[in-house]
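Below you'll find the structure, written out as structure tokens, and then a few comments.
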Amino acid sequence: GVPGAEDLFEALKASGSKPSEGLCVSLLARCAEAKHLRLAEVLVAYIRAEFGMSIPAYSSLMKVFAYSGLYDRACDLYAEIRADGLEPDSLMYGCLMKFAVQCGRPELSRELSEKTPELDVLNYMSLIRAAGLDGDVDRALGLLQKMKDARLRVDATVYNCVLDVCVSARQVERGRRLVEEMRAAGKVDVVTYNVLLKGYCQTGDLKGGKALMRDMGAAGLAPNDVSFNCLLNAAVSAKNFSFDEAWDIVESMKRAGVPVDCYTVSIMLKSLRHARDRRQVTRVLQLLDRTGIDVCSDEVLLNTVLETCSRHGEARRLEALLGAFFESGMRPTMHTYGPLIKACSSLKWPQKCYQLWQDLEQRSLEPSEVVLGCMLDALASNGQSLQAYDLFQKHRHRFRNNAVLYSTVMKGFAKDQLPDRAMALWRLMREERVAINTVVYNSAIDAQARAGMMDEVSELVAAMADDGIAADHITHSTSVKGYCIKGDFEKAFDVFRTMQANGMAGDAIVYNTLLTGCIRRNLLDRAGELAEDMLERAVVPTNFTLVLLVKMYGRRNELDKAMRCVDELPRKFGFKPNTQVRTCLMCACINDRALDRAVQVFEDLKASGQGADSKAYGSLISGCVRLGHLDKALELAEEAFGLPPVGAPGRCTGVGLEDEAAEQLLQGLAQRGMGA
């Protein structure tokens, strides 16, 4: 839709030329493909006022809602049509029945079928799908019999629709009998096998699914893209998921001459929630690149790529993808706005978040709870908690009892050091009798603890008890953090010892909190004692723990202990040191003037599945400049920008370089040039 199109329509009316009903209905129909809800509303208001709504006008409006994925609103038009004294024609009844199934309203589908003068094949199929939503196999089979009695054409599509109801309801025996009937009637096709394959996949029977694929070949039917994607989805969803298994299916697909499509890529992207090795992420993204698929051409794929890139820190790809989206003119459905806003937020692009929100409003879309939550989080995460609160207030009446939305705004107040606003919001929740859960209380406590306002923390903890909500380990860990910030380490350790006595200090969270406080205050001996206590109690450390231990040993000039810590603890507790740990260790080596060891840590980082990022390159380059190794710094800078060494073919990582490191290198080179 063209922004301002409604203004042009208003200008047309103001010119003295009265738009005809036919023109308005035609324009309304054109709003569908452009998903221009605001112009559609303007046109409908004019048609109502000047001519009254007609079946063609309602049909065009219904089409607008359907194209925008607003099937509920399309169905709601039925009541308006009847209230206006109009009777839908058979085509409209068919569309309404279809939309009722798509938005999960099977009871409306049944009601509409009773009003339809004569049911055709498509109407029956909508009713069969509605029966599937209810898991009502008897009704689906009954509708199939009615079609036969009415001498309607019962083809493979109809049979497969009924079979899908049987499979979805896990009534295998009835499905098997139906397939025998289909074989006798010569109605078995590839879709039949795909529906059965879906049944195996629902139960996680990957072995059975593969056997069925072989049966397809024996029956002279070649598995298609749906077959392979269904099997791939089952492999990815399996409890004992294996990347090798998933890639084997993709390779089988290629050998069969079935092209990898957007669904294949979406499923493989979904598999990355299991990924611990950066190389798996790279491999799947390379699969996406090889297909040449326009990501913006499919909303499911767009959502999946956005979420994958955000989760795995693929900032450059995310920037390129968002750039392509904003240039595409794509009109996303409500669901897609959430991942788009989250992606822009992760890149620290609050203005783009606003642009998406304004687009949503201009299209007269009512934000869902999820999309509103994404926008509130984007604002709260980017230092705009007050704007988040204003937006929340605007929509609060629609989601009055949603504690998640309150807690999102509360977290923003905590991040922006606005403890008074957090307390005011908590009091508002109590006044309005919103159900306050542990998450909300912990967010409110965090806002006070970050400011060292421990009287307010005590008030909140007491209120939790009054509300019958048990304080958990996060509550106590946050209280410990507050006392550390305030500098009252005796009280911090008192709470910590109480946690130990109550069995609440079994994970690394509270240890990390105390270690952070001790290191910030340079209480290195106490930090060392805490680290020893943690390891004696076999509390599993995290990567953040390793960062803190490296900082502590680095400040104590105990580089060997820092190196040993990073080498031994991950092996002992079964995890891999991440980029932040290795970068911190590298910095400790530089501060100890052990550049050779720093370079070795960096090479280990590059060889790991995670790879070196721009921050790691920047830290080592800054260290080389500081220690006078400008040639090495320049070599690293060329590598960071993807320039191959002199005389060497190919390209390197190309992760880029942060401004500060680049400036330090330029200053060092300039100084050497001045001294020459």
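The analysis underlying the following values was restricted to heavy atoms, covering all of them including side chains, and did not include hydrogens, waters or symmetry mates. Predicted, not measured: the structure shown is a model, and the values here were computed from it. We number each residue from 1, following the sequence as shown.
Between the Ser310 side chain and the Glu307 main chain, no donor and acceptor come within less than 3.5 Å of each other. For Asn303 (side chain) and Glu299 (main-chain N/O), a donor-acceptor pair under 3.5 Å exists by modelled atom type. Judged purely by atom type and a 3.5 angstrom limit, Ser168 has no side-chain atom pairing as donor or acceptor with the backbone of Val165. Between the Arg331 side chain and the Ala34 main chain, a donor and an acceptor come within less than 3.5 Å of each other.
Applying the ring pair (Phe, Tyr, Trp, His ring centres under 6.0 Å) test to residues at least two apart or on different chains, the pairs with a partner in residues 62-82 are Tyr71-Phe99. Applying the salt bridge (charged side-chain N to carboxylate O under 4.0 Å, His left out) definition to pairs two or more places apart or across chains, none involves residues 333-358.
Counting non-hydrogen atoms of other residues, nucleotides and ligands closer than 6.0 Å to CD of Glu181 gives a total above 12. With a 6.0 Å radius and a threshold of 12 heavy atoms from other residues, nucleotides or ligands, Tyr200 has its OH atom at or below the threshold. Within 6.0 Å of the CZ atom in Arg30, the count of heavy atoms belonging to other residues, nucleotides or ligands does not exceed 12.
With sequence neighbours excluded, no residue forms a salt bridge (charged side-chain N to carboxylate O under 4.0 Å, His left out) with Asp205. Among residues two or more places apart in sequence or in another chain, the side chain to side chain contact (heavy atoms under 4.5 Å, CB included) test is passed with Thr408 by Leu376, Asp377, Val404. With sequence neighbours excluded, the residues forming a side chain to side chain contact (heavy atoms under 4.5 Å, CB included) with Gln145 are Lys148, Asp149, listed by chain and number. Listed by chain and residue number, nothing satisfies the salt bridge (charged side-chain N to carboxylate O under 4.0 Å, His left out) test with Asp215 (two or more places apart in sequence, or in another chain).
Ring centers of Phe399 and Phe392: at least 6.0 Å apart, outside the cut-off.
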